[in-house]
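Counting starts at 1 for both ligands and their atoms, in listed order.
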Amino acid sequence: MSLPNILLTGTPGVGKTTLGKELAARSELKYISVADLAREGQLYDGYDEEYDCPILDEDRVVDELENQMSEGGVIVDYHGCNFFPERWFHRVFVLQTDNTVLYKRLEARGYNEKKMTNNIQCEIFQVLYEEALASYKMEIVHQLRSDKPEDLENNINEILKWVEQWTKAQSS
Ligand code: DAT
């Protein structure tokens with residue numbers, strides 16, 4: 001494997017897609033949105049009436065990604081992280097956004113009140129950070145601020161620097 005696999009996770013609206021696509025544009029890494037993959041392949045297992053969204057078929061998502069993950073060089077984006085095999089990822093980044101900023105981003109998406117409350121609570125209680133810590137070795141889990149454009153730029157630079165170091169260490 002010549003390039004590492006990276007997981008970008010966090011509450012919807014924190015900036016995973018923006019960061020993932022920009023990283024892929026500036027490197028050899030490939031960006032995969034699990035939400036898009038599921039939509040395209042209809043990798044669902046029923047419908048959640050309460051949350052008004054399809055239920056992800058996690059096993060089929062894992063099967064679908066397995067080959068690419070074993071080759072390396074993949075950035076996976078999803079607002080959940082406990083069903084991926086732990087061995088897949090070399091680094092897990094949990095993006096975090098100030099509540100007021102996140103509220104505005106979700107409002108712009110036209111989320112209803114219930115969905116807004118759920119997501120803001122998810123951010124306040126650091127649900128995805130806890131999930132990441134429970135699912136991966138602590139030392140590979142990192143939090144990233146994602147409030148402002150400067151944060152995006154810093155995060156891209158930090159991650160690309162780490163990818164370069166990882167790649168060098170692999171080949172030496
Ligand atoms: P996610 O994929 O986590 O749902 P996104 O990448 O779609 O989030 O971003 C949600 C919105 O926030 C989108 O309009 C872009 C904006 N955004 C993302 N990262 C940002 C940052 N660091 N500074 C300012 N705006 C950002």
Side-chain angles (χ1 to χ4, degrees), residues 4-27 29-41 43-44 48 50-58 61-62 64-65 68-69 73-84 88-136 140-163:
N5 291 323
I6 292 171
L7 175 62
L8 300 180
T9 190
T11 309
V14 291
K16 304 180 293 296
T17 311
T18 309
L19 176 62
K21 286 187 173 169
E22 202 50 43
L23 279 170
R26 297 197 207 175
S27 70
L29 300 166
K30 183 182 175 189
Y31 167 77
I32 295 178
S33 152
V34 168
D36 289 351
L37 184 84
R39 200 176 308 116
E40 282 153 20
L43 307 176
Y44 299 130
D48 188 324
E50 192 188 347
Y51 291 100
D52 191 26
C53 63
I55 300 165
L56 195 71
D57 188 332
E58 298 173 346
V61 167
V62 169
E64 189 75 26
L65 287 173
Q68 296 187 77
M69 298 309 291
V74 182
I75 302 165
V76 172
D77 157 357
Y78 195 58
H79 57 267
C81 62
N82 60 4
F83 63 93
F84 302 118
W88 274 6
F89 298 106
H90 302 93
R91 224 27 165 214
V92 175
F93 295 102
V94 186
L95 277 68
Q96 293 177 321
T97 303
D98 172 81
N99 293 321
T100 318
V101 176
L102 184 63
Y103 192 92
K104 285 187 189 137
R105 289 185 194 167
L106 297 179
E107 204 174 31
R109 280 186 181 175
Y111 276 17
N112 64 33
E113 203 50 45
K114 184 171 176 182
K115 219 166 163 181
M116 289 285 254
T117 310
N118 281 333
N119 283 305
I120 296 292
Q121 280 183 357
C122 175
E123 189 63 6
I124 292 171
F125 294 114
Q126 302 203 326
V127 172
L128 267 309
Y129 183 52
E130 295 293 330
E131 189 174 317
L133 288 176
S135 310
Y136 301 92
I140 75 156
V141 178
H142 296 263
Q143 293 174 285
L144 295 177
R145 287 300 328 158
S146 182
D147 298 331
K148 314 181 286 288
E150 299 97 276
D151 295 331
L152 175 64
E153 208 50 41
N154 286 341
N155 293 337
I156 294 166
N157 291 334
E158 284 298 308
I159 295 174
L160 291 181
K161 206 158 62 182
W162 172 79
V163 171

Could you tell me which non-hydrogen atom of V141 sits nearest to which non-hydrogen atom of Y136, and how far apart they are?
-> CG2-CB, 3.9 Å
Would you indicate whether K21, at its atom NZ, is surrounded by more than 12 heavy atoms from other residues, nucleotides or ligands within a distance under 6.0 Å?
-> no
Got an N/O contact under 3.5 Å between L19 and ligand 1?
-> no
List the closest protein heavy-atom neighbour of atom 25 (N) of ligand 1: residue, atom name, distance to the nearest 0.1 Å.
-> R105 NH2, 3.5 Å
For K16 and H79, which heavy atoms make the closest approach, and how far apart are they?
-> CE-N, 4.0 Å
Is R109 touching ligand 1 with its side chain, its backbone, both, or neither, if touching means heavy atoms under 4.0 Å apart?
-> side chain
Looking only at protein heavy atoms, identify the closest one to atom 8 (O) of ligand 1 and say how far it is in Å.
-> G15 N, 3.0 Å
With a cut-off of 4.0 Å, which atoms of ligand 1 are near a heavy atom of V14?
-> 3 (O), 8 (O)
Would you check if L7 and W88 make a side-chain contact, meaning some heavy-atom pair closer than 4.5 Å?
-> no
Nitrogen or oxygen atoms of P12 and ligand 1 under 3.5 Å apart = no
Please determine if K148 has a nitrogen or oxygen closer than 3.5 Å to a nitrogen or oxygen of ligand 1.
-> yes
Over 60° means perpendicular and under 30° means parallel, so classify the ring planes of F93 and H142, tilted if in between.
-> tilted
Can you tell which part of K16 has a heavy atom less than 4.0 Å from ligand 1: side chain, backbone, both or neither?
-> both
Got V127 and Q121 here, is their nearest side-chain heavy-atom distance under 4.5 Å?
-> no
Closer than 4.0 angstrom: is that true for some heavy atom of G13 and an atom of ligand 1?
-> yes
Which atoms of ligand 1 sit under 4.0 Å from any heavy atom of P149?
-> 23 (N), 24 (C)
Check each heavy atom of D147 against ligand 1 and say whether those closer than 4.0 Å belong to the side chain, the backbone, both or neither.
-> backbone
One finds that the ligand 1 atoms under 4.0 Å from a non-hydrogen atom of L152 are 22 (N)
Hey, which atoms in ligand 1 end up nearer than 4.0 Å to a heavy atom of T18?
-> 5 (P), 6 (O), 9 (O), 15 (C), 18 (C)
Residue among L29, N5, L19 satisfying side chain to side chain contact (heavy atoms under 4.5 Å, CB included) with I75 = L29
